[in-house]
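Written below as structure tokens is the structure these notes are about.
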Amino acid sequence: MTQKIIYVLLTLVSVISYGQVQFTMKSDKTDYSGKEIVNLTIVLELNGDLIQQSKLQLPDLSKFNMIGNGSFSQAVRDPETNTAVDQYVTRIALEPKQKGKIKVGSVLVTINNKIYKTEPFDIFIKDIEKKPIANASNDIYLNMEIEDREIYQDQPTIAVLRVYSKSIDNLRKVKNIRLPAQDNINVHPVNFKRSEIDPSGYANMASQVLAVFMVFPNETGYVEVPAVSASVNTFSVKSKIASNKVKLNVKKLPEGSPESFKNAVGNFKVDVFHSSKDKVEAKKPVNVTVKVSGEGNLADMSLPKIEESPDYDVFAPRIISHVSTGISGMKGEILARYILIPKKAGDLIVKTEPFAFFNPAEKEYVNLGQEKLDLTAFSHDEVLEARSTVEKVNDYTNTLLETVDSPVLKTTSFKVKEKNKFNWNVLFINVAILLGLFVAYIVFKYWQKNRNIAKEKPTPKSLGSVAETEREIRESLKTDITDYFAYLENLKTSGDYPKFFETFEEMDLEVRKQYFQSSKDDFKQFLERHNGSSVAENYQELLQKVEIEKYSPLTLEDSLNDLLTDIVKLYSVISK
């Protein structure tokens with residue numbers, strides 16, 4: 001009887017202890033395709049005076065790539081016992097590396113000196129794409145590497161493009177790199193400088209870094225970065241290769257954002273100023289600049305505007321960007337230059353829109369509020385009265401010179417003065433001039449007669465070789481390339497960037513016609529045969545730079561200056 005009582009008590013104790021700790025792990029489903037993400041949910045419920053003494057110890061997940069994880073805690077009420085239960089939920093997103101049946105082990109945790117574990121289970125993965133490299137062509141592979149795959153919306157992450165091959169010589173054949181383009185990401189190149197070749201890369205293949213670029217995801221959730229494509233140029237064939245795709249876990253920005261927050265992520269500062277030292281005059285234009293400086297998504301974020309006011313009229317700004325893209329992020333400043341016209345004399349306050357940004361380093365929102373600029377507009381008479389004595393004298397002198405016909409400054413007309421004595425020198429000079437003209441006429445007639453005789457006895461013209469004939473035709477079709485250079489310089493200075501790139505395409509077509517080459521690829525091969533491989537590679541790199549600047553969301557004035565310098569340098573060599 002005593003043993004039965006002890007057995008019942010032990011059973012009750014075990015039931016009570018089981019009810020105090022609930023520890024489970026499950027997946028959202030059991031069968032996955034190779035492109036799907038495996039989502040694991042770990043739930044730990046504590047009921048009573050219990051202390052969690054260790055962190056969750058995850059099982060062996062080497063057969064997966066961990067894309068992201070997150071956890072939260074909440075207090076829930078058990079409907080059966082009507083008691084409060086502390087619930088801790090952890091979610092893990094995994095990307096499978098292999099197909100087939102994969103066993104997910106137990107998660108361990110220590111509570112009140114006792115180890116609890118979840119039950120293991122199996123999942124099945126169907127066909128999976130091979131990683132880390134894809135789409136081989138002639139034993140050449142591309143791989144896109146993104147180390148930080150868990151980021152916030154509009155926060156940048158660095159992507160590195162590498163090329164792999166068993167032959168080092170094949171690495172030089174990869175050309176025409178095209179960065180990914182997609183609506184839910186913004187891509188900005190950092191550099192296209194090739195690194196030194198690593199002879200012992202992945203799977204005993206040589207590797208080299210081809211490009212580094214930044215990815216700004218503009219939506220939350222699992223965002224897939226498309227593959228980077230390139231071409232492989234050999235003497236016999238030209239093929240295309242593509243890299244792998246990378247999935248990002250883009251976290252949603254925390255709740256509680258200010259009303260003035262739009263999409264600025266980083267660390268910024270806003271200034272508004274009037275740079276001119278002249279007095280502000282009513283009903284005359286005034287230049288006011290709003291400067292946003294710092295580090296973050298400068299090229300893609302919404303800038304704070306100047307608010308409208310009944311005291312002044314404001315016009316659309318001119319945007320000037322001084323931004324550099326580096327490994328640590330996008331740094332610099334963006335200037336929005338406005339033109340304001342005060343409607344009346346007196347004090348006026350120029351205000352910007354409220355501006356807020358999210359700082360991912362501190363994981364908090366920063367509200368900068370409004371920036372203000374105090375200006376005082378003067379009437380025209382007040383501006384004149386405020387001038388110094390020297391300024392008034394200079395202004396009066398300029399007005400006098402412009403409006404009054406001064407006899408001192410006026411040039412007198414030349415008049416022939418009457419002379420009583422006859423000037424024989426003038427007579428001799430006139431006679432000499434007439435004789436000189438007569439001799440020149442006789443010489444000209446003699447030369448013209450000999451020229452007509454030579455025309456009557458034409459010499460047979462040599463037809464020449466095919467190369468000479470082609471050279472003569474090309475000389476007749478030769479384009480004056482300096483006219484295009486001057487026109488491109490004017491378009492760059494005026495800021496007409498679309499017309500700049502359109503004119504470049506027209507110039508490139510005219511130069512290709514000059515050498516009887518219809519396509520850019522044929523023209524590149526022509527340059528390689530006649531001008532050398534270095535000129536052909538410079539031509540290909542220049543076309544690539546033009547494409548990057550043409551489709552860049554923000555055209556930089558400095559980069560366009562460098563681009564125009566490269567255009568003038570290369571096409572001057574080609575058109576010699």
Side-chain angles (χ1 to χ4, degrees), residues 23-44 54-73 88-110 115-136 141-153 155 157-162 164 180 182 184-185 201-203 205 207 215 217 219-228 242-252:
F23 192 32
T24 60
M25 178 178 64
K26 61 181 180 179
S27 60
D28 52 346
K29 56 183 181 178
T30 57
D31 294 337
Y32 296 88
S33 65
K35 297 182 179 180
E36 290 183 312
I37 301 298
V38 178
N39 295 302
L40 302 181
T41 303
I42 304 171
V43 179
L44 174 62
S54 68
K55 296 182 179 179
L56 298 180
Q57 300 179 25
L58 299 178
D60 180 17
L61 299 176
S62 60
K63 296 179 181 179
F64 302 90
N65 288 323
M66 183 175 292
I67 296 179
N69 62 80
S71 61
F72 65 93
S73 60
Y88 303 90
V89 181
T90 301
R91 291 195 174 96
I92 302 175
L94 303 174
E95 184 180 27
K97 295 181 180 179
Q98 65 184 43
K99 64 179 180 178
K101 186 178 180 181
I102 300 178
K103 185 174 184 178
V104 181
S106 301
V107 182
L108 304 180
V109 66
T110 302
I115 298 176
Y116 293 86
K117 67 177 182 178
T118 61
E119 293 295 330
F121 56 89
D122 297 329
I123 60 175
F124 184 78
I125 307 298
K126 298 179 182 179
D127 293 336
I128 188 171
E129 56 183 352
K130 294 183 179 180
K131 300 245 174 154
I133 47 185
N135 294 345
Y141 307 87
L142 286 181
N143 184 40
M144 179 170 51
E145 303 170 0
I146 299 180
E147 183 177 353
D148 190 5
R149 300 188 181 187
E150 185 176 355
I151 55 177
Y152 285 103
Q153 181 180 353
Q155 182 184 1
T157 184
I158 298 295
V160 179
L161 180 66
R162 291 182 182 270
Y164 293 84
Q182 200 165 262
N184 56 357
I185 61 172
Y202 174 80
M205 291 189 293
S207 66
V215 179
E219 67 177 30
T220 59
Y222 295 110
V223 176
E224 185 177 71
V225 181
V228 180
S243 72
N244 58 303
K245 301 176 182 179
V246 178
K247 293 181 180 179
L248 303 177
N249 179 24
V250 184
K251 299 182 291 185
K252 187 178 181 181

> Quick check: are there more than 12 heavy atoms from other residues, nucleotides or ligands sitting under 6.0 Å from CD of Glu119?
Replying inline: no

> Who pairs with Thr24 by side-chain contact (heavy atoms from CB on, under 4.5 Å), at least two apart in sequence or on another chain?
Replying inline: Val43

> After noting the C-alpha distance and the side-chain angles of Thr41 and Asp28, does the key distance pass the side-chain contact (heavy atoms from CB on, under 4.5 Å) rule?
Replying inline: CA-CA 8 Å; Thr41 303; Asp28 52 346; over 6 Å; no

> Can you tell me how far CD1 of Ile115 sits from OG of Ser54, rounded to the nearest 0.5 angstrom?
Replying inline: 7.5 Å

> Nearest 0.5 Å, what's the CG-CG distance between Leu58 and Leu108?
Replying inline: 9.5 Å

> What's the shortest heavy-atom distance between Lys245 and Met144, and which atoms?
Replying inline: CA-CE, 4.3 Å

> In chain order, what residues pass the side-chain contact (heavy atoms from CB on, under 4.5 Å) check against Lys26, with sequence neighbours excluded?
Replying inline: none

>> I need the Lys103 NZ to Ile123 CD1 distance, nearest 0.5 Å.
In response: 13.0 Å

> Out of curiosity, Ser27 OG to Ile92 CD1, how far, rounded to the nearest 0.5 Å?
Replying inline: 12.0 Å

>> Counting C-beta onward and ignoring hydrogens, is there a side-chain heavy-atom pair between Leu56 and Tyr88 closer than 4.5 Å?
In response: no

>> Tell me if a side-chain donor or acceptor on Gln182 pairs with a main-chain N or O of Glu224 at a distance below 3.5 Å.
In response: yes

> If you take all heavy atoms of Thr220 and Gln153, which pair is closest and at what distance?
Replying inline: CG2-OE1, 3.3 Å

> For the atom pair CD1 (Ile151) and CG (Asn249), what is the distance rounded to the nearest 0.5 Å?
Replying inline: 9.0 Å

>> With rounding to the nearest 0.5 angstrom, report the CG to CD distance, Asp148 to Gln155.
In response: 6.5 Å

